[in-house]
Amino acid sequence: MSSLKPVRGTHDLLPDDIARHRMVTDTAERISALYAYREIATPIFESTQVFSRTLGDTSDVVTKEMYTFADKGKGSDTLTLRPENTASVMRAFMSNGMAREVPCRFFYRGPMFRYERPQKGRQRQFHQIGIECIGIADALGDVEVIATGAHILKELGVLDRTTLEINTLGDNESRDTYRTRLVEYFSRYEQSLSHDSRQRLTRNPMRILDSKDESDREIVAGAPEMGDAMNHTSRVFFDKVLEHLDLLGINYRKNSRLVRGLDYYCHTAFEFVTTELGAQGAVMAGGRYDGLIAQMGGPATPGVGWAAGVERLAMMIEQPAISNRPISVVPLGEAAFKVACKLVDQLRHGNFSIDFSVSGNMKKRMKRANAIGAVAALILGEDELDRDVVTVRNMHSGEQTEVALSSIEEHLTCYK
RNA sequence: GUGACUGUAGCUCAGUAGGUAGAGCCCCGGCUUGUGGUGCCGGUUGUCGCGGGUUCAAGUCCCGUCAGUCACCCCA
């Protein structure tokens with residue numbers, strides 16, 4: 001019995017669901033192509049180290065959310081279902097020796113897996129789209145990446161229902177300085193911090209900044225600002241990003257409390273957030289990850305990108321209209337059935353979408369044609385057969401006309 | 001992993017003080033033996049999430065378990 005239910009946190013995507021997903025992913029693919037991104041697909045599992053070495057030893061994703069399993073065969077690696085795709089794309093970038101071809105721009109889409117407690121907008125198997133821009137160290141790379149994302153959201157009709165929040169984490173030097181100051185500051189309040197935040201103090205002090213605990217927030221209010229810890233390089237970089245966002249008319253809200261859960265980010269961090277999806281506000285999030293490729297053993301190469309949740313975006317868009325509305329072919333009787341078989345084959349090869357309706361009485365078949373949204377029904381009975389014609393019923397208007405079999409394709413062109 | 005709430009037909013839900021289940025939609029048949037979408041008439045919906053317990057009697061009360069939702073955590 002329980003085996004008939006999908007595994008916890010996984011969902012079947014029925015035709016209407018798929019239509020929404022495709023609207024999201026196809027739009028993203030199309031728009032990102034306008035920014036010269038090309039699609040790439042990596043395997044859905046990788047050696048565990050691809051993720052464990054890059055996402056950060058203390059991140060929740062690595063410590064408790066990865067689906068890791070032993071491969072078959074002796075002495076083989078442990079494998080992990082990808083919890084996100086940036087590390088995989090970087091691995092592919094190196095595996096295929098693309099370092100000499102930078103800049104590289106990749107778009108991806110596909111399922112990701114995280115062992116989390118399922119909620120609305122949060123599943124164990126979910127789908128992401130994303131882009132990675134590799135090899136551009138300049139702030140213009142960040143701007144382009146954000147602009148691509150904003151363009152996709154606009155095309156999906158959700159941009160004005162999101163807010164772009166942006167912050168800078170600075171370069172390594174700035175980040176270390178800031179981290180030290182934060183630890184110093186929060187240590188003084190250690191007794192007053194929430195249980196979670198006390199743990200974050202050693203694991204990831206920056207996370208305390210976006211704590212939702214009320215007493216934490218009071219302490220956070222007096223915390224040192226990232227801006228004050230930034231060195232000249234980091235400051236100039238961030239200013240350039242903001243300046244060009246202004247130039248492109250992309251609205252944003254600076255949020256000095258915005259931090260990242262994954263270790264590899266530096267400089268720009270951003271999120272498009274919405275209030276429409278409850279606790280899962282982030283619909284698209286990303287940033288710069290200059291140290292990642294080197295950290296993975298490749299040549300020092302800068303990168304910037306984002307990922308977006310397909311399910312979350314799908315919940316925000318309208319249900320797209322059914323894209324293929326077929327023509328139903330309804331033969332009546334043995335002789336007509338044979339003629340209809342050939343007609344159906346001919347029409348399908350002529351690029352018509354055909355629903356060949358062969359079971360039940362005529363009433364039932366017409367009803368079914370209506371239910372699947374057929375644009376027309378071709379009725380082929382003995383009357384028609386005798387005269388080499390077919391009755392074409394417009395399912396919208398109900399009008400019927402008799403058309404010679406020989407010119408049927410031409411007549412049906414208007415239904416394509 | 002923690003807490004709260006929920007779980008009745010394919011779907012959305014009702015079920016009153018415990019007395020062995022109902023509505024709408026969908027589906028099926030007929031009015032219409034070659035015509036759908038709007039009408040009328042009739043019909044099938046079900047281990048009441050699962051497993052225990054209390055009781056003469058449990059959808060209803062208790063415990064456990066699984067799942068969903070929301071919040072935390074975390075994140076897309």
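Convention: sequence-line order gives letters A, B, ...; per-chain numbering from 1. Just the heavy atoms: all of them, side chains too, but no hydrogens, waters or symmetry mates, feed the values below.
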Contact nearer the 5' end of RNA chain B, comparing K212(A) with T10(A): T10(A)

Contact under 4.0 Å: Q400(A) side-chain N or O vs U35(B) OP1/OP2: no

Within 45° cone and under 6.0 Å: R124(A) NZ/CZ vs F113(A) ring: no

Rounded distance in Å between the P positions of G68(B) and C11(B): 15 Å

Minimum side-chain heavy-atom gap F186(A)-R198(A) below 4.5 Å: no

Distance in Å, D290(A) CG paired with I134(A) CD1, rounded so as to fall on 0.5 Å steps: 12.0 Å

Rounded distance (Å) that lies between atom P of G29(B) and atom CG of N361(A): 7 Å

Integer angstrom distance from the C1' of U33(B) to that of G37(B): 22 Å

Nearest-neighbour nucleotide for the R122(A) side chain, U69(B), C72(B), U35(B) considered: C72(B)

Sugar-phosphate, base or nothing in reach of G9(A), heavy atoms under 4.0 Å: sugar-phosphate

Distance, C1' atom - from U32(B) to G39(B), rounded to whole angstrom: 12 Å

Integer-rounded Å distance: A76(B) C1' and H21(A) NE2: 12 Å

Touch class at under 4.0 angstrom, heavy-atom based, for R365(A) against every strand present: nothing

Interatomic distance, E382(A) CD vs G34(B) C1' [rounded to whole Å]: 10 Å

Distance, rounded to the nearest Å, where E116(A) contributes CD and G68(B) contributes C1': 16 Å

Distance, C1' atom - from A14(B) to G51(B), rounded to whole angstrom: 27 Å

Sugar-phosphate, base or nothing in reach of G130(A), heavy atoms under 4.0 Å: nothing

Paired nucleotide for C73(B) [Watson-Crick or G-U wobble; both distances under 3.5 Å]: none

Watson-Crick or G-U counterpart of C48(B), or none if no pair lies under 3.5 Å: none

Watson-Crick or G-U wobble mate for C40(B), both contacts under 3.5 Å: G30(B)

Any R312(A) side-chain nitrogen or oxygen under 4.0 Å from OP1 or OP2 of A76(B): no

Separation of A76(B) C1' from I152(A) CD1 (nearest whole Å): 14 Å

Interatomic distance where OH belongs to Y115(A) and C1' belongs to C74(B) [whole Å]: 15 Å

Pairwise 5' ranking along RNA chain B for Q123(A) and P118(A), keeping only the more 5' one: P118(A)

Nearest-Å distance once atom P is located in both G22(B) and G34(B): 38 Å

Proximal nucleotide (of C74(B), C73(B), G36(B)) relative to the N370(A) side chain: G36(B)

Closest listed nucleotide, where the reference is the side chain of K364(A) and the choices are C28(B), U35(B), A67(B): C28(B)

R117(A) side-chain N/O to C70(B) phosphate OP1/OP2 under 4.0 Å: no

Donor-acceptor pair under 3.5 Å, R368(A) side chain vs G36(B) base: no

Any-strand Watson-Crick or G-U partner of A67(B), both distances under 3.5 Å: U6(B)

Sugar-phosphate only, base, or nothing, as touched by A369(A) at under 4.0 Å among non-hydrogen atoms: nothing

Partner nucleotide of A14(B) by Watson-Crick or wobble geometry (both distances under 3.5 Å): none

Spacing between K367(A) atom NZ and G30(B) atom C1', to the nearest angstrom: 11 Å

Sugar-phosphate, base or nothing in reach of G281(A), heavy atoms under 4.0 Å: nothing

Closest to the R8(A) side chain, choosing from A67(B), A76(B), U35(B): A67(B)

Nearest-nucleotide pick for K64(A), side chain only, options being U35(B), C73(B), A76(B): C73(B)

Validation row, ring centre F337(A) to ring centre F356(A) under 6.0 Å: yes

Among U32(B), U69(B), C72(B), the one nearest K363(A) by side-chain distance: U32(B)

Watson-Crick/G-U partner (both atom distances under 3.5 Å) of A21(B): none

Rounded interatomic separation in angstrom, taking CE from M366(A) and C1' from G36(B): 5 Å

Sugar-phosphate only, base, or nothing, as touched by H396(A) at under 4.0 Å among non-hydrogen atoms: base

Whole-Å C1' distance, A17(B) and A57(B): 15 Å

Sugar-phosphate only, base, or nothing, as touched by E384(A) at under 4.0 Å among non-hydrogen atoms: base

Face-on cation placement of K416(A) at F352(A) ring, 6.0 Å and 45° thresholds: yes

F270(A) and F272(A) aromatic ring geometry - parallel, tilted or perpendicular at 30°/60° bounds: perpendicular

Same-atom distance (C1') from G46(B) to A9(B), integer angstrom: 5 Å

Sugar-phosphate only, base, or nothing, as touched by L313(A) at under 4.0 Å among non-hydrogen atoms: nothing

Rounded distance (nearest 0.5 Å) linking atom CG of D160(A) with atom OG1 of T163(A): 10.0 Å

From U35(B), A76(B), A71(B), nucleotide with atom closest to Q119(A) side chain: A71(B)

Gap in Å between the two C1' atoms, one belonging to U16(B) and one to A58(B), rounded: 16 Å

Distance in Å, R368(A) CZ paired with S357(A) OG, rounded so as to fall on 0.5 Å steps: 5.5 Å

Sugar-phosphate only, base, or nothing, as touched by M284(A) at under 4.0 Å among non-hydrogen atoms: sugar-phosphate

Atom pair CG (N255(A)) and CD (E165(A)), whose distance is rounded to the nearest 0.5 Å: 4.5 Å

